[in-house]
Protein chains: 2
Amino acid sequence: MLNDLKNPAPRDCGDCPIRHRAVCARCEADELEKLDQIKYYRSFEAGRTVIWAGDQMDFVGSVVTGIATLTQTMEDGRTQMVGLLLPSDFVGRPGRETAAYDVVAVSDMVMCCFRKGPFEDMIAKTPHIAQRLLEMTLDELDAAREWMLLLGRKTAREKIASFLSILARRNATLNLGQAGGAMSFELPLTREAMADYLGLTLETVSRQISALKKDGVIELQGKRLVNVPDFDRLLDEAGDDSDGGMLS
Amino acid sequence: MLNDLKNPAPRDCGDCPIRHRAVCARCEADELEKLDQIKYYRSFEAGRTVIWAGDQMDFVGSVVTGIATLTQTMEDGRTQMVGLLLPSDFVGRPGRETAAYDVVAVSDMVMCCFRKGPFEDMIAKTPHIAQRLLEMTLDELDAAREWMLLLGRKTAREKIASFLSILARRNATLNLGQAGGAMSFELPLTREAMADYLGLTLETVSRQISALKKDGVIELQGKRLVNVPDFDRLLDEAGDDSDGGMLS
DNA sequence: CGACGGGTTGATTTTATTCAAAGGTTGTGG
DNA sequence: CCACAACCTTTGAATAAAATCAACCCGTCG
């Protein structure tokens with residue numbers, strides 16, 4: 001498990017691990033105070049569904065710890081992941097009554113939820129929140145567009161390499177800032193969930209991971225722990241611009 | 001050509017065809033006044049590039065008339081469209097120095113541009129602009145996620161049918177509100193641009209359009225004018241939920 | 001133990017791509 | 001006015017990539 005089974009909800013915003021990255025990042029003390037009055041924590045076990053697409057959704061919120069997925073499903077069961085929610089990511093859309101996507105906790109997860117109505121009021125009255133939400137939404141849109149390139153134009157091998165390099169990069173920024181050298185991280189998703197992320201079948205995911213391993217691009221310790229001896233090599237396999245997709 | 005060769009720039013915001021849908025939609029008279037001082041119009045002929053990915057971008061703006069595309073290109077030339085910009089759509093990202101994508105005018109086009117620095121100031125000081133931009137960005141994110149499902153999980157035939165139904169629906173809302181019955185519209189894109197939109201090759205696009213025609217799902221007058229005898233049939237071919245993907 | 005939820009690997013089939021040729025339009029210059 | 005070039009489109013045949021169908025492995029958990 002990536003997270004403690006006893007997900008301890010922070011006592012108050014001062015202790016909050018996502019205080020400076022979430023939608024509240026720019027809030028002053030008095031604004032946090034107001035948010036505090038409309039917030040509550042919810043915990044979800046790994047595998048639990050947070051909400052189904054189409055259901056009434058009377059809250060929005062932030063992932064505090066753990067990982068969740070946003071997925072869309074067609075009538076015949078084909079599913080596509082459209083979001084991978086990490087700590088500090090925002091869930092829900094102000095101004096919308098119902099959930100547009102299925103939200104599922106992949107690991108044990110804690111969310112900091114805000115009642116929707118009051119939160120909408122705060123957006124209108126608290127520029128710091130609206131600005132931060134705009135910034136986060138623009139970031140998500142950029143990520144979605146990168147993802148579209150992956151889905152539309154990359155080969156199965158490039159898709160896997162891209163996904164792994166995203167995970168590796170995230171891990172590097174969260175921990176130490178070493179790039180270019182060796183790095184390792186844990187796969188948070190099953191083969192099936194990776195397939196839903198990448199628009200592939202789980203068999204193809206498994207085969208391409210095996211192929212990358214055989215070619216020495218990655219090493220596996222167990223099914224989930226990945227070691228990347230040469231990150232530049234992985235980036236190369238991902239087919240990304242050599243500049244590492246530097247934006248802004 | 002879809003548009004006049006002499007794209008007449010509106011004299012002032014009162015005449016503007018996108019006044020109530022663009023980023024300025026919620027602005028009061030005094031706010032429009034301020035925007036007016038930092039705005040200027042630019043016209044582009046069909047085929048002209050507005051900006052290349054990576055270039056310095058000292059403006060943001062709205063499409064006033066015409067159509068543009070947002071595309072990403074890999075080193076080896078594979079390209080994926082990541083945005084189709086219609087009148088009122090916003091171009092550029094506040095807070096970013098360089099363009100993240102290629103922007104190309106598909107038809108003759110007029111943009112209402114704002115100098116970036118002053119516009120960023122206005123976002124900070126004018127909640128009406130920030131709020132509208134947030135709303136538009138959230139809409140784009142939803143569209144991007146719908147597009148991800150298309151790219152990742154739909155067959156070539158479903159992709160074409162989905163694209164046609166998007167165009168048909170857009171045309172219906174712009175003109176008359178009849179759904180379910182017959183409707184017709186013009187294809188704004190070449191087969192190649194459609195292929196870039198859908199993550200296909202142009203040959204596959206051509207074949208699938210021919211197949212839909214042969215099966216009576218659509219009728220063609222010339223290469224560009226499409227007639228849809230039964231919109232529900234088209235929706236069915238698109239593999240979308242029967243409720244027509246109603247959001248919000 | 002036995003069932004179950006992942007995961008891997010192989011054989012076959014399907015789908016879309018690639019390579020190739022040719023038909024239509026449009027616009028330009030002789 | 002015609003010829004030709006450039007671009008867009010269609011269609012066919014061969015190929016490649018990923019999906020599908022199927023078997024089996026390996027831990028974990030009741």
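Protein chains get the first letters and strands the later ones, always in sequence-line order, with residue 1 at the start of each.
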- Comparing B:Ile209 and A:Gln208 on DNA chain D - which has the more 5′ nearest nucleotide: B:Ile209
- Note on the structure: Nearest-nucleotide check on DNA chain D, A:Glu203 vs A:Lys154; residue mapping nearer the 5' end is A:Lys154
- Task: For A:Leu200, answer base if it contacts any base atom (sugar-phosphate contacts may also be present), sugar-phosphate if it contacts only those atoms, and nothing otherwise; contact means non-hydrogen atoms under 4.0 Å.
- Result: sugar-phosphate
- Query: Are A:Ser210 and C:dT8 close enough that a side-chain N or O sits under 4.0 Å from OP1 or OP2?
  - Reply: no
- Query: How would you label the contact of A:Gly47 with the nucleic acid (heavy atoms, under 4.0 Å): base, sugar-phosphate, or nothing?
  - Reply: nothing
- Query: For B:Arg224, which contact category applies under a 4.0 Å heavy-atom criterion: base, sugar-phosphate, or nothing?
  - Reply: sugar-phosphate
- Query: Within the pair A:Arg157 and D:dA17, is there a side-chain N or O less than 4.0 Å away from OP1 or OP2?
  - Reply: no
- Task: For the residue pair A:Tyr197 and A:Trp147, categorise the inter-ring angle as parallel (less than 30°), tilted (30 to 60°) or perpendicular (more than 60°).
- Result: parallel
- Kindly indicate whether a cation-pi arrangement holds for B:Arg145 with A:Tyr101, taking the cut-offs as under 6.0 Å to the six-membered ring centre and within 45° of the axis. yes
- Task: Test salt bridge (Lys or Arg N to Asp or Glu O under 4.0 Å) on B:Arg78 and B:Asp196 and set out the steps.
- Result: CA-CA 9 Å; B:Arg78 282 176 281 175; B:Asp196 286 344; over 6 Å; no
- Is any N or O donor-acceptor pair between the side chain of B:Glu192 and the base of D:dC8 shorter than 3.5 Å? no
- Message: What I want to check is whether an N or O donor and acceptor connect the side chain of A:Arg207 with the base of D:dT20 at under 3.5 Å.
- Response: yes
- Query: On the ring face of A:Phe231, is A:Arg169 found with NZ or CZ under 6.0 Å from the centre and within 45° of the axis?
  - Reply: no
- Query: Heavy atoms under 4.0 Å, any strand shown: does A:Thr190 hit a base, just sugar-phosphate, or nothing?
  - Reply: sugar-phosphate
- Message: Any base atoms under 4.0 Å from A:Gly222, or only sugar-phosphate, or nothing? Heavy atoms, all strands.
- Response: nothing
